[in-house]
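Only one structure is covered here, and it is reproduced in the block below.
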Amino acid sequence: MSERYNIRETETLWRKRWDESGAFNVKEDNAKQKYYVLEMFPYPSGRIHVGHVRNYTLGDVVARYKTAKGFNVLHPMGWDAFGLPAENAAIERGEHPAKWTLANIESMRAQLQSMGLSIDWSREFATCTPEYYRHEQRMFLKFLEKGIAYRKESMVNWDPVDHTVLANEQVIDGCGWRTGAPVERRKLNQWFLKITDYADELLECLEKLDRWPEKVRLMQSNWIGKSQGLQFKWSITGRDEQIEVFTTRPDTLFGASFVALSPDHPLAAKLAGDKDGFAAFIKQCQAGGTSEAAIEQAEKIGFDTGYKATHPLLGREVPVYIANFILMDYGTGAIFGVPAHDQRDLDFANKYALSVRPVVLPEGGIEITKEAYSGPGKLANSEFLDGLEVETAKAEIIRRCEENNTGFGTTQFRLRDWGISRQRYWGCPIPIIYCDSCGALPVPEDQLPVTLPEDISFDKPGNPLEHHPTWKNTNCPKCSKPARRETDTFDTFFESSWYQFRYCDPKNEVLPADKAKTNYWMPVEQYIGGVEHAVLHLLYARFFTKAMRDCGFVDCDEPFLGLFTQGMVTHETYQDENGKWIYPTEAVKNEQGQYVHTETGKPVKIGPSIKMSKSKKNVIDPEEILNTYGADAARLFILSDSPPERDLEWTESGIEGAWRFVNKVHSVISALDAATPAKPDKFSSQAQDLRRLTHKTIKAVGEDIEAFAMNKAVARLREFFNGINAFHTEDDGDAFALHEAAEAFITMINPVMPHLAEQLWAQRGHKTMLVEQPWPPLDETLLVADTVTIGVQVNGKVRATITLPAGASQKEAEEKALAEEGVQRAIGEQQVRKVIVVPGRIVNVVVG
RNA sequence: GCGCCCGUGGCGGAAUGGUAGACGCUGCGGACUUAAAAUCCGUUGACCUUAGGUCGUGGGGGUUCAAGUCCCCCCGGGCGCACCA
C-alpha cells in the first residue's frame, strides 16, 4: 500500500539501474529506424542553470518518447570546453585553464546526471582535448588545400591594453568590455573560412528546413543578405583608373550627384593621399571601433578628392568623395550617390551641398528635402528610361551597360567570410608554420596534432602563446630553417560547428567520424537550443557541414533537420527597502501575506518577472531544486504551463505544485491493485468512459509531444490522472479498465517523470524496466463515444446543451434541440427561419 | 525605419470556424487536527437581488447560420535586423 514516497532514494536507485544496464547506450542498427535528438552542448561554467534544465528536459522528453515509439535514439552529451572564461579564471585565480575546465566538467556532469536524462554518456567528449581538436586541425588543412580557408588582412577591433582582438559583441560603447579602454581599428593578418562561397547554397537550403522556426530561417536569410543589381565602372577625368561600383538601384543612375569610395579603398590613398587633411580624415574614420552601434552613431563625413567621375550613359561629371559610411567589405567598396532616393546619400548631399535630382516619381510627384523617396514610380529626367517603371528601368540599364561593356548584372551578399583567428591560449592551435623564406606552410601530417603547451603564464597582457618562451619556435617543414608557429587559435565556434558528427563516432583516432556511422546517424532529427544562436552557431554549423562534405569527410548537406528554439526562464525580482537586489530565497511571505526580508523582516519590493540574471539576483539554483523537490518535480514543472517556445516564469508555488503532483501520483497509483485481470466481454458504462479517456489520452499526448506542446501533454496527463483517481472499481470489467489505464498512465509519464514511472512500473510487478517498454497501443475504436453532448445556439448564442446518441440523425437533433426549454425561451415570439445541424458539433437555430 | 511574433479570468495558459476559459497556480469556504503543517472536499471571469439573464478573448469595422480563430484598419508589448549601396 501507499507509503511515503522517498524521492531522493528512489531517484538515485533508478539512475543507478539505468546506468548499470547501459539503458541509453546505443549503436547503429539497420533493422531500426534511427532518431538523433541533440541539445546544444553546454559551456562547462561549473554549474548548470535553469536554462540548461529546460533545454535538456525538452530533449529528454523527445528522446524517451521516440525510444518508446520504437526508434533507435541517439541522445548524446559533451562539453564546449574551449573559451575565454577559463583564461579569465587563470588570470584571476591562477588556476590552469585545463584544470579549471576539467573540474567544472566533473561537477556539471554530476548535476546533469541528477536530472535523470536518457543520455548515452559513453559518447561524451570535451572539445578542449587533443583527441577532439586534432581533427579540426586536419580539417582546417584540408580546407586550406581546397581554398575554403585563406589568410588576409582585415580590420578588427583591437584592445590596446589587453593586446587582443575583440569580437563586435565584446565592444561596449566603443570600449573593451574588460579593460574599458577605447577600442582601435587595426589591420591584422587573419585566417578566414570562405563561408561566402556557400552563401547561395546556405540560402537555398533554408527553404528545405521546414522543421525550423520561420523566425530563425528569416534571420539567417537576412544575415546572408542576397541582393541583385548592377556592377559597373566610372571613368575618372584625367586619370587611367576606373571606379567600379555596385548598386541595387541602377535605375536611378541619372539622379547621381557623387561617387564615393570607402576610406579603405585602394584608390582612396591614390587619389587623395597627397592632399591636405587626408591623413587626419582617415584617422577620424578609424576612431570609434567597428561595432554596429558605433558605426550607426557616427556622423557621415566625406573628403573631396577634387576628381570628377563620368559614365558613358550619364554624360555629365560628378565629384568623387571618400566617405566614412562606405564599407570596403561590401560590394566593390565604392558607390554612386543618389540623394533623392537614398537616405544616406541625402544626408551626405545635404551636408556637402550636393545636388538632389529626383528621377523616380510617384503619382503626384515629390519634393525631396530631408527624406529620400524609395518607393515605386515612373522614371523621369532619365533620357531613355523616362516613363518606365522601376523594375523595367533596372533591366534596361543593366542591358545597356552590358552592351557597352561598362558593367554587368550581378549578385552581392551581406555575409562576410568568417574570421577564425583569436589571440588566445584556450583554443585549438592553428596548424601553420611561418618561415621567412617559404612563407605560411601547413604543419606536416606526421607532426599533428599541434598541442597547447601546458606550462603557460598569464601574467602579461596579450596572447599567452605568443609570450611562451619556446613553444612557437620550430623548423620550416620545407627548408628546415628556424621558423615560427602560428600563435593564434581558432574561434571557439569552430568546435561547435562539427560536434554533431563527432557524437556518431566519438573515439575515432583517424577521422572526425567514420562515414558509415555518420551516414547512419546524421542528420540530427531534432535539435534544441536557445534562439541566441540563430545566426552564429547555427549558420557556422550549416556551413561547416557543407565544407566537410566537399572535402569528403561526410555525405551530409544539412546537419539539423528539425530545430526547436526554447524560450527563456524568468523570475520575479526582489529589492529590499534600500533598493538593493536580493535573492528569491531572501524573500518570504509573512502572516499578512506580504513579502518581507528573511533576516531584517522589512518589506520587500516585488518587481516584474524578467530573464534570470546574476546582477538582478533573480536566479534559482537548479541543484537546490533537484535536491529539495527531486528531478521529476523539476522536470514536470518546467514542462507545465508555458509552451516551450515562450518564456517560462519560474515560481515557487509552481514547483511546489509539481512536487505535490509527484507525491499524489505515487500514493494513488501505488494503492491500485497490481494484478492483471482478464479482459471481459462486457464493460460497464463507467469502464467504457475510462477506456475512452485512456485511449483519447494516448492519442493526444503522442500528438502533443510530436508538436512540442509539452504543456498540453502535461495537462492531458493530469486530466487522465484525475479520471483514474475518481474511478471506483465495481466489477471485473472495471478492474480491467483501471489496470489498462494505470499501465498506460505510467508509460506515458515516463518521458516527463522517468524515476517515478520506473518505480511505479516495478511496483506493479514488472520485471523489465520501463525504458524498454513501448508506447501504449492506441485502439481507435474506443475513441468513439455512444453519446455526444453538443450545444444548441439560437442566433449564435448558446442556450442549452443536448445529449444525443452517436449516430443521431439531423432530424432527431433538431427535434431535441427545439424541445429544450431554454431554446424555446430564447426563440419566444420570433419565427424560426432555419435550423443548422452540424452532426456531433452544434445546432444553431436561426430566428428573426 | 524594415521584418517577425504576441495581446484570452487575479496569474501561467487551453480551445480542427461550432458549448470560450481545458490543465494548473493563487484566493476563498469547509473537513480532519488540541493546534498548525500536510492531506482531502467544494468554490473561484465580470455584472444584475435569485430562477435566470446581460456582458466578456487589446480597440474599431467586415465575411459567416456561427469568429479568440478568417479579412481590413488602429492601439499596446516583445524580438530580430539596420550606413549592406
Side-chain angles (χ1 to χ4, degrees), chain A residues 213-219 221-223 225-227 229-231 245-250 252 260 262 292-293 295-300 323-327 329-338 341-345 347-348 371 374 412-416 531-532 534-535 567 593 609 636-637 640-643 645-658 660-661 663-664 667 709 711-722 789-802 821-822 825-826 833-838 840-848:
Chain A
E214 189 55 43
K215 183 180 154 181
V216 175
R217 289 195 283 170
L218 194 73
M219 281 167 76
S221 166
N222 289 341
W223 188 264
K226 184 175 183 170
S227 52
L230 171 68
Q231 190 167 321
V245 303
F246 172 75
T247 179
T248 55
R249 293 296 305 272
T252 62
S262 164
E292 306 285 7
I295 287 167
E296 190 184 351
Q297 283 158 12
E299 198 190 348
K300 287 181 182 47
N324 67 335
F325 67 97
I326 312 301
L327 308 172
D329 288 344
Y330 186 78
T332 59
I335 60 134
F336 72 92
V338 185
H341 304 295
D342 185 293
Q343 193 57 47
R344 296 155 300 173
D345 297 347
D347 294 345
F348 191 77
E371 275 188 34
S374 57
Q412 286 287 341
F413 292 94
R414 204 188 80 106
L415 182 70
R416 296 180 214 168
V531 76
E532 65 272 17
V535 275
S609 196
L636 173 66
F637 171 60
S640 304
D641 299 349
S642 290
E645 69 276 11
R646 279 200 228 168
D647 287 354
L648 166 77
E649 195 178 337
W650 186 278
T651 60
E652 317 312 314
S653 54
I655 181 70
E656 272 172 33
R660 271 200 302 273
F661 186 66
N663 284 293
K664 191 167 173 180
S667 74
N711 57 323
K712 281 161 68 181
V714 168
R716 304 287 154 248
L717 288 169
R718 280 180 176 269
E719 210 171 6
F720 186 26
F721 175 77
N722 291 343
T789 302
I790 62 172
V792 181
Q793 299 176 332
V794 177
N795 280 355
K797 283 185 184 171
V798 178
R799 298 296 174 177
T801 57
I802 53 172
E821 195 192 320
R825 194 167 41 229
R833 305 226 173 258
K834 196 161 44 162
V835 179
I836 289 158
V837 181
V838 183
R841 296 227 174 269
I842 201 96
V843 177
N844 191 8
V845 183
V846 185
V847 300

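To find a chain, count down the sequence lines: A is the first, B the second, and so on, and within it residues start at 1. Computation of the quantities below employed the complete heavy-atom set of this structure, encompassing side-chain atoms and omitting hydrogens, waters and symmetry-equivalent molecules. Computed from a prediction, not measured in an experiment: that's the story for all the values here.
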Looking only at the side chain of Phe246(A) (C-beta and beyond, no hydrogens), which of the listed nucleotides C23(B), G12(B), A85(B) gets closest? A85(B)

Distance check needed: A82(B) P versus Tyr330(A) OH, whole Å only. 13 Å

When the distance from CG of Leu636(A) to P of C23(B) is rounded to whole Å, what number comes out? 16 Å

note: Lys215(A), atom NZ; C5(B), atom C1'; distance rounded to Å ~ 7 Å

From C-beta outward on Glu649(A), which listed nucleotide comes closest to its side chain: A85(B), A22(B), G12(B)? G12(B)

Taking any strand in view, what nucleotide pairs with U34(B) in a Watson-Crick or G-U wobble way, both distances under 3.5 Å? none

Would you state whether a donor and an acceptor, one from the side chain of Asn844(A) and one from the base of C65(B), lie under 3.5 Å apart? yes

Could you check which nucleotide pairs with G68(B) in any of the strands shown, counting Watson-Crick or G-U wobble with both distances under 3.5 Å? none

With a 4.5 Å limit on heavy-atom distance, are the side chains of Leu327(A) and Arg416(A) in contact? yes

Can you tell me if the side-chain N/O atoms of Asn711(A) get under 4.0 Å from OP1 or OP2 in A14(B)? yes

Using only heavy-atom distances, decide whether a donor-acceptor pair under 3.5 angstrom links the side-chain of Lys712(A) to the base of C23(B). no

For G59(B) versus G7(B), give the span between their C1' atoms, rounded off to a whole number of Å. 12 Å

Could you check whether any side-chain heavy atom of Lys215(A) comes within less than 4.5 Å of a side-chain heavy atom of Met219(A), counting everything from C-beta outward? yes

Base, sugar-phosphate, or nothing for Asn722(A), non-hydrogen atoms under 4.0 angstrom? sugar-phosphate

chi for G62(B) classified (syn = within 90 degrees of 0, anti otherwise) as anti

Before you tell me yes or no, could you show the steps for Val531(A) and Val216(A) under side-chain contact (heavy atoms from CB on, under 4.5 Å), namely the whole-Å CA-CA distance, both residues' side-chain angles and the distance that decides it to 0.1 Å? CA-CA 8 Å; Val531(A) 76; Val216(A) 175; 4.1 Å; yes

I need the CZ-P distance between Phe637(A) and G12(B), as an integer number of Å. 13 Å

Check every atom of G13(B), G80(B), U19(B) against the side chain of Pro643(A) and return the nucleotide holding the closest atom. G13(B)

Assigned partner base of G76(B), Watson-Crick or wobble definition, under 3.5 Å: C6(B)

Can you name the nearest heavy-atom pair linking Arg414(A) to Asn222(A), along with the distance? NE-O, 3.4 Å

On RNA chain B, does the nearest nucleotide to Glu645(A) precede the nearest nucleotide to Gly796(A) from the 5' side, or the other way round? Give the residue. Glu645(A)

Please determine if a side-chain N or O atom of Arg799(A) lies less than 4.0 Å away from the OP1 or OP2 oxygen of U54(B). yes

By the 4.0 Å heavy-atom rule, please label Leu648(A) as base, sugar-phosphate, or nothing. nothing

From A82(B), C25(B), A66(B), nucleotide with atom closest to Arg660(A) side chain: C25(B)

Complementary nucleotide for G21(B) - Watson-Crick or wobble, under 3.5 Å: none

Using both distances under 3.5 Å as the test, list the Watson-Crick or G-U wobble partner of A82(B), or none. none

Report yes if the side chains of Val846(A) and Val835(A) come closer than 4.5 Å at any heavy-atom pair, otherwise no. no

Go through G18(B), C6(B), C83(B) for me and flag the one nearest to the Phe325(A) side chain. C83(B)

Could you tell me how far G3(B) sits from U69(B) if I compare only their C1' atoms? Round to whole Å. 24 Å

Under 4.0 Å between any heavy atoms, over every strand shown, what does Arg825(A) touch: base, sugar-phosphate, or nothing? Just pick one. sugar-phosphate

Interatomic distance at C1', G68(B) relative to A20(B), whole Å: 8 Å

Determine the Euclidean distance between corresponding C1' atoms of C32(B) and G77(B); express it in Å to zero decimal places. 47 Å

Whole angstrom is fine here: how far is it from CD in Glu821(A) over to C1' in A51(B)? 10 Å

Compare every heavy atom of Asn795(A) with every heavy atom of Asn844(A), then report the nearest pair and how far apart it is. OD1-N, 3.5 Å

Rounded interatomic separation in angstrom, taking NZ from Lys797(A) and C1' from A20(B): 15 Å

Where the side chain of Ile836(A) is concerned, which of U19(B), C40(B), C65(B) is the nearest nucleotide? C65(B)

Work out how far the C1' atom of G9(B) is from that of A22(B), and round it to whole angstrom. 14 Å

Tell me which nucleotide among C81(B), A85(B), A14(B) gets nearest to the side chain of Arg414(A). C81(B)

Taking atom P in both C40(B) and U26(B), what distance in whole Å separates the two? 13 Å

What is the distance, rounded to the nearest whole Å, between atom CG of Asp641(A) and atom P of U8(B)? 16 Å

What distance, rounded to whole Å, do you find between the two C1' atoms, one in G1(B) and one in G12(B)? 35 Å

Round to the nearest Å and state the distance from Trp223(A) atom CH2 to A82(B) atom P. 6 Å

Heavy atoms from C-beta onward define the side chain here; which of A66(B), A22(B), G24(B) lies closest to that of Ala715(A)? A22(B)

For Phe348(A) against Ala323(A), the heavy-atom pair lying closest together: CE1-CB, 3.8 Å

Integer angstrom distance from the C1' of G56(B) to that of A67(B): 14 Å

Reckon Glu719(A) touches a base, only the sugar-phosphate, or nothing at all at heavy-atom distances under 4.0 Å? sugar-phosphate

Just by modelled atom types, is the Leu636(A) backbone N or O under 3.5 Å from a matching donor or acceptor in the Ser640(A) side chain? yes

So what's G52(B) paired with, Watson-Crick or G-U wobble, going by both distances under 3.5 Å? C48(B)

When all nucleic acid strands are considered with a 4.0 Å heavy-atom cut-off, which category describes Arg217(A): base, sugar-phosphate, or nothing? nothing

With sugar-phosphate meaning primed atoms plus P, OP1 and OP2, does Val838(A) contact a base, only sugar-phosphate, or nothing at under 4.0 Å between heavy atoms? base

Assess the pair Phe413(A) and Tyr330(A): is the distance between their ring centroids shorter than 6.0 Å? no

Quick note, Ser653(A) side chain, CB onward, closest among U19(B), U26(B), A85(B) is U26(B)

Ser227(A) near the nucleic acid: base, sugar-phosphate alone, or nothing, with a heavy-atom cut-off under 4.0 Å? sugar-phosphate

Contact class for Leu218(A) (heavy atom, under 4.0 Å): base, sugar-phosphate, or nothing? sugar-phosphate

